[in-house]
Amino acid sequence: LLLGSLGAETAIRTPAWYMRLTDPPELFVKPDDRWEVNDVADRCRDVADRLRDAAAAYDEHLQADRLDELKPLDEVLATGLD
């Protein structure tokens with residue numbers, strides 16, 4: 001899990017997904033969509049919701065200095081849809 005910000009944009013990346021936390025969010029399948037041209041957020045709403053929740057949990061644990069208590073990502077976020 002990688003959560004980062006560049007300017008006003010925040011994004012979350014896992015081995016299977018990359019999501020820009022914009023309004024509306026943009027979601028890309030990794031590593032297949034190398035150039036991030038096929039936004040699937042409207043077709044994978046459950047994944048987008050889970051990633052948004054994972055980003056919020058990460059930020060919450062980071063702010064509380066409790067990253068060691070962070071739960072692992074579920075399989076869909078870590079490995080993708082099969």
Q.
Could you check whether any side-chain N or O of R43 sits under 3.5 Å from a backbone N or O of D39, counting only pairs where one atom can act as donor and the other as acceptor?
A. yes
**Q.** Test side-chain contact (heavy atoms from CB on, under 4.5 Å) applied to W17 and V40, I12, L73, T79, the passing residue
**A.** V40
(Q) If I take atom OH from residue Y18 and atom CG from residue D33, how far apart are they, to the nearest 0.5 angstrom? (A) 11.5 Å
Q. Does CG in D74 sit with more than 12 non-hydrogen atoms of other residues, nucleotides or ligands closer than 6.0 Å?
A. yes
Q: Show the numbers, then the answer: is there a side chain to side chain contact (heavy atoms under 4.5 Å, CB included) between E26 and E36?
A: CA-CA 9 Å; E26 297 173 313; E36 296 154 10; over 6 Å; no
(Q) Counting neighbours of CD on E75 that are heavy atoms of other residues, nucleotides or ligands and sit closer than 6.0 Å, is the number greater than 12? (A) no
Q. Do R20 and E9 come close enough that some side-chain heavy atom pair is under 4.5 Å?
A. yes
(Q) Is there a side-chain contact between N38 and D32 in this structure, where contact means two heavy atoms from C-beta onward sitting under 4.5 Å apart? (A) no
Q) Any idea which heavy atoms bring A41 and P25 closest together, and the distance? A) CB-O, 3.5 Å
Q) What distance do T14 atom OG1 and M19 atom CE have between them, rounded to the nearest 0.5 Å? A) 10.5 Å
Q. Does a salt bridge link D49 with R52, judged by any charged N lying under 4.0 Å from a carboxylate O?
A. yes
Q. Ignoring hydrogens and geometry, is there a side-chain-to-backbone donor-acceptor pair from T10 to L21 under 3.5 Å?
A. no
Q) Tell me, do R66 and E60 make a side-chain contact under 4.5 Å, heavy atoms counted? A) yes
Q. Which atoms form the tightest heavy-atom contact between A78 and P15, and what is the distance?
A. O-CB, 3.5 Å
Q. To the nearest 0.5 Å, what is the distance between CZ (R34) and CZ (F28)?
A. 15.5 Å
